[in-house]
Structures are given as structure tokens and as C-alpha cells.
Amino acid sequence: TLSHGSHSIKIRVYDNIEPICEKPFTFTVDKEPPVFSSVTVASTKDSVTFSDIVASDAPAGLDPQNPYQYEIDGVSSSWLASGSLLQINGLQPNHQYNWKFRVRDRKGHVSERSGTVITKAEVPTLSLASATSSTADIQLNSQNPVDTQYLFRVQSSSWGPLSKYVNSSG
């Protein structure tokens with residue numbers, strides 16, 4: 001079997017007396033997947049972005065049309081042409097997602113990176129429903145999951161600072 005890399009071959013065609021045709025060919029044997037050096041994964045409250053993708057493949061090169069694919073929680077994209085900046089929108093805030101990012105060479109070999117990313121929490125809106133001298137009923141509204149923790153910090157000249165973590169149901 002031939003080794004990974006570029007190879008040359010010369011083909012000669014003869015008749016009974018002398019060569020009638022001679023042609024050299026160069027071809028590539030690619031037995032290895034691309035080298036996937038890095039990918040940066042970032043999030044907002046409702047999106048995940050893949051950027052700064054660095055991958056290479058010698059000697060065959062990356063797939064010339066669609067070398068990139070991403071996956072979020074088991075749902076894969078089609079193979080894509082651009083790897084400079086890929087954004088997935090419509091995600092839930094403050095949620096952990098499993099991601100995979102793949103790069104493919106022109107021979108069909110694939111390399112993959114994977115990890116987890118947590119979307120940012122949405123900033124809640126607060127309103128004061130009622131208040132007395134010793135209590136306050138604060139309403140919190142957001143699209144965050146119900147178990148999202150919020151830190152409430154109250155500062156009072158009478159009894160000093162008070163901090164407490166609560167979720168949207170109290």
C-alpha cells in the first residue's frame with residue numbers, strides 16, 4: 001500500500017517496436033483526518049457562536065465546498081461553506097447545551113471537537129407588587145428556566161445588608 005502523501009507515476013504505452021505514448025500523473029493518498037487546531041465557542045442569552053476555527057489538511061486539503069458542520073444537543077447542521085463565524089439562534093437562556101463541531105477534508109475524513117456551553121441568563125424585569133414596613137413583594141419576570149437562581153441584595157440603614165438567592169417562585 002502507498003503511504004500518506006503525494007505520489008507520482010509515469011505510464012508508458014508501447015506498440016511492438018517503440019513507445020507511442022508517455023504521460024506522468026501525480027496523485028495524493030490521504031489516510032488521515034484534518035488537523036483541527038481550535039474553535040472558539042461563545043454564547044448570548046439565546047445564541048451560540050462558533051468562531052476562530054483553525055483547521056488544515058495536508059496533503060489533500062479541506063473539502064473545497066462545505067467543510068464545516070456543527071451540532072447542538074444532537075441536532076446537526078448540513079455541511080457548510082464558511083467556518084469564519086457560525087451562529088445558532090433561538091436557544092433557551094441559562095441552559096447548558098452539548099456541542100460538536102466537525103471539519104472535513106476533500107477525501108471525506110472528519111475531525112471533531114466537542115464540549116458544553118451555557119447560554120447567558122436573561123436579565124429579569126422586577127416590579128414591586130406591595131410593600132410594608134417589614135416586607136416587600138417583588139415580582140420577577142424572565143424567560144429563564146424556573147430553577148434559575150437570582151441574588152437579591154437589600155441594603156438598609158436599620159439592619160445592614162442582606163443577601164439571599166431565590167428562584168422565580170421564591
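Basis for what follows: all heavy atoms, side chains included, without hydrogens, waters or symmetry-related copies. Because the structure is predicted, anything quoted here is derived from the model rather than measured. Residues: numbered from 1 along the sequence shown.
Proximity of V48 to T119: side-chain heavy atoms (C-beta onward) are separated by under 4.5 Å at one or more points. Here the side chains of S51 and I53 are not in contact, with every heavy-atom distance at 4.5 Å or above. Q92 is not listed as a side-chain neighbour of D46, based on a closest heavy-atom distance of 4.5 Å or more. Residues V110 and V103 have side chains not in contact (no heavy-atom distance under 4.5 Å, counting atoms from C-beta outward). Under the 4.5 Å side-chain criterion, counting only non-hydrogen atoms from C-beta, F27 is in contact with L2. Side-chain contact check for I20 versus Y14: every heavy-atom pair is 4.5 Å or farther apart. At least one side-chain heavy atom of S142 sits less than 4.5 Å from a side-chain heavy atom of Y150. Using a 4.5 Å heavy-atom threshold, the side chains of W79 and R102 count as touching.
A salt bridge does not link R106 to D63: none of the charged nitrogens lies less than 4.0 Å from a carboxylate oxygen.
Under the 4.5 Å side-chain heavy-atom criterion for Ile, Leu, Val, Met, Phe, Trp and Tyr, V39 and L80 are members of the same hydrophobic cluster. Taking hydrophobic clusters as Ile, Leu, Val, Met, Phe, Trp and Tyr residues chained together by side-chain heavy-atom distances below 4.5 Å, I11 shares a cluster with V29.
Applying the 6.0 Å contact sphere to CD of Q143 captures no more than 12 heavy atoms from other residues, nucleotides or ligands.
In this structure, the side chain of D105 engages the main chain of H109 through a donor-acceptor pair within 3.5 Å. Using a distance-only test at 3.5 Å, with no hydrogens or angles considered, a donor-acceptor pair links the side chain of S111 to the main chain of P34. For the pair R104 (side chain) and N66 (backbone), a donor-acceptor distance under 3.5 Å is present. Here the side chain of K100 pairs no donor or acceptor atom with the backbone of D73 at under 3.5 angstrom. For the pair R113 (side chain) and F36 (backbone), a donor-acceptor distance under 3.5 Å is present.
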- Message: Run the side-chain contact (heavy atoms from CB on, under 4.5 Å) test on T132 and S130 for me, step by step, so that the C-alpha distance in whole Å, both residues' side-chain angles and the decisive distance to 0.1 Å come before the verdict.
- Response: CA-CA 7 Å; T132 67; S130 64; over 6 Å; no
- Message: Between L126 and F152, is the side-chain contact (heavy atoms from CB on, under 4.5 Å) condition met? List the steps.
- Response: CA-CA 11 Å; L126 301 174; F152 277 81; 4.0 Å; yes
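Put simply, NE2 on H95 and OG1 on T148 are 11.0 Å apart, with the number rounded to the nearest 0.5 Å. Distance check: I88 CD1 to S47 OG gives 8.0 Å after rounding to the nearest 0.5 Å. Atom-to-atom distance recorded for K10:NZ and T26:OG1 is 11.0 Å, nearest 0.5 angstrom. Between atom CG of residue L140 and atom CD1 of residue I138 there is a gap of 9.0 Å, rounded to the nearest 0.5 Å. To the nearest 0.5 angstrom, L91 atom CG is 13.0 Å from I118 atom CD1. Interatomic distance, Q96 CD to S43 OG, rounded to the nearest 0.5 Å: 11.0 Å.
Of all heavy-atom pairs between A131 and L128, the closest is CB-CD2, 4.1 Å. Annotation for P145 and P93: closest pair CD-O, 3.1 Å, computed over non-hydrogen atoms. The two atoms that bring E71 and S76 nearest to each other are OE1-OG, 3.0 Å, heavy atoms only. Taking all atoms of both residues into account, the shortest heavy-atom contact from P59 to T28 is CG-CG2, 3.1 Å. The two residues K31 and S3 come nearest to each other via the heavy atoms NZ-CA, 4.4 Å. Annotation for D57 and E32: closest pair OD1-O, 3.6 Å, computed over non-hydrogen atoms.
For D30, there are no side chain to side chain donor-acceptor pair (under 3.5 Å) partners at least two apart in sequence or on another chain.
F101 and F50 have their aromatic ring centers within a separation under 6.0 angstrom.
Counting only N and O atoms by type, the side chains of T116 and N98 include no donor and acceptor under 3.5 Å apart. There is no side-chain donor-acceptor pair under 3.5 Å between Y68 and S77.
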